[in-house]
2 protein chains.
Amino acid sequence: MKKQERQRYIKRLLSSNEIERQEDFVRLLSAENIEVTQATISRDIKDMQLVKVPSVTGGYHYSMPVQKQMDTEKKLKRTLKDAYVSYATQDKLVLIKVLPGNGPALAALLESMHYDEVFGTLGDDANVLIICKSLAMTLELQQKIQRLLSDN
Amino acid sequence: MKKQERQRYIKRLLSSNEIERQEDFVRLLSAENIEVTQATISRDIKDMQLVKVPSVTGGYHYSMPVQKQMDTEKKLKRTLKDAYVSYATQDKLVLIKVLPGNGPALAALLESMHYDEVFGTLGDDANVLIICKSLAMTLELQQKIQRLLSDN
DNA sequence: TCCGGACTTTCATATTTATGCAATTTGGCT
DNA sequence: AGCCAAATTGCATAAATATGAAAGTCCGGA
């Protein structure tokens, strides 16, 4: 898929760079050999529901829609706390055992968070396997999950 | 102050109406006999850090910066849970007793949530008095506070 | 009261963003 | 492969938003 890959890049750009205009996306993507016009970016932004936030420093920058983010994070937290059984790590893998029936739901929620660290997620009835992109990222993800579990 | 009052109105409009363009603000404010141009609205939006959110239904609408909102809500929740002592209501008043020293902080946090129900907030060393706009709104506010206290 | 400076607003316009439409690409399905 | 429908994109431009500069407003102090 072309569009989705591009939108992945866009998401990545969001977290790293400070993006003030849609043309910035065009430039930055072009630097990664992805050539699109501002029109397409405008549509991507609509798709992804990104917002242009007036920043404290007086400028503007594009950002993830925190509303959604918080909503799913809340659900994720609840599900995780409800269904959590145990937890193990090996290499770039994180395996979460959950109460029977909760695997798919939890996997879907994790998916929808679009964590940068995650290569893929996979849920069966009582397990969720998260495949990270690197060892370092595995650690980071672990911490995130810890936080979700402990955080009130 | 003229500007601040206008921004109050803007905040109010946000919660009620579905506002798609800055010109909508101009029209709605004009309906309340506040005459300004789009340029001013643009600056207000920058001031207030409002964002134009692509909505699921395919359009756009202006909204509060949820990031901030969530951040202060978190702080509010923590403070409230930490310092809370007791709670009473009479007419349009809600009185929260807190541990000595926490009144002003809690009052400030409540202020910064800009709840629609609230006419004013007032904190001394160990008390916060919230004055609501109506009896109905007092009930609503009470529920919000209950939720903050019980919600994990 | 009158002045000066800090804010605020408007006007005009530059800049940025969204979108209709035609062209192109994609993904089945036979 | 070859065709169709649906999805995606670019182009051109409309629509919306941001902003410099001039004009107006609001205080506080001489």
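Each chain gets a letter, A, B and so on, in the order its sequence line appears, and its residues count up from 1. The structure presented is a predicted model; accordingly, all values stated were derived computationally and were not measured.
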*asked:* Please determine whether a side-chain nitrogen or oxygen atom of A:K52 lies at a distance below 4.0 Å from atom OP1 or OP2 of C:dT17.
replied: yes

*So, is A:S42 close to the C:dT17 phosphate, meaning a side-chain N or O under 4.0 Å from OP1 or OP2?*
no

*Does CD belonging to B:E35 count more than 12 external heavy atoms closer than 6.0 Å?*
yes

*Tell me, do A:D124 and A:L129 make a side-chain contact under 4.5 Å, heavy atoms counted?*
no

*A:K46 NZ - C:dG20 C1' separation (whole Å)*: 12 Å

*Under a 4.5 Å cut-off applied to non-hydrogen side-chain atoms, are B:L95 and B:Q90 in contact?*
no

*Looking at side-chain heavy atoms only, is the closest gap between A:I145 and A:I96 below 4.5 Å?*
yes

Determine all donor-acceptor pairs shorter than 3.5 Å in which one atom belongs to a side chain in residues 20-27 of chain B; sequence neighbours excluded.
| from | atom 1 | to | atom 2 | distance (Å) |
| --- | --- | --- | --- | --- |
| B:Q22 | OE1 | B:Q38 | NE2 | 2.9 |
| B:Q22 | NE2 | B:Y62 | OH | 3.3 |
| B:D24 | OD1 | B:R27 | NH2 | 2.8 |
| B:D24 | OD2 | B:E20 | N | 2.9 |
| B:D24 | OD2 | B:R21 | N | 3.1 |

*asked:* Nearest whole Å is fine: how far is C:dT10 P from B:Q22 CD?
replied: 13 Å

*Nearest to side-chain heavy atoms of B:R21, which nucleotide of D:dT19, D:dT17, C:dT9*: D:dT17

_Separation of D:dA18 P from B:D44 CG (nearest whole Å)_ = 11 Å

*With a 3.5 Å cut-off and just heavy-atom distances, do the side chain of B:Q38 and the base of D:dA18 make a donor-acceptor pair?*
yes

*asked:* What is the separation between atom CZ on B:R43 and atom C1' on C:dA12, rounded to the nearest whole Å?
replied: 12 Å

*Base, sugar-phosphate alone, or nothing: which one does A:T40 contact when heavy atoms must sit under 4.0 Å apart?*
sugar-phosphate

*Roughly how many Å is it from CD in B:E35 to P in C:dT10, rounded to a whole number?*
9 Å

_Both A:E20 and B:V36 contact DNA chain C. Which one's nearest nucleotide lies toward the 5' end?_
B:V36

*asked:* Side chain of B:Y60 only, heavy atoms from C-beta on: which candidate in C:dA18, D:dT9, D:dT17 is closest?
replied: C:dA18

*Quick one: A:H61 NE2 to D:dT17 P, roughly how many Å, whole number?*
19 Å

*Whole-Å distance separating the CG atom of A:D47 from the P atom of C:dA18*: 12 Å

*A:T37 side chain N/O closer than 4.0 Å to the phosphate oxygens (OP1, OP2) of D:dG10?*
yes

*Mind calculating the distance between CZ (B:R6) and P (C:dT8) to the nearest angstrom?*
9 Å

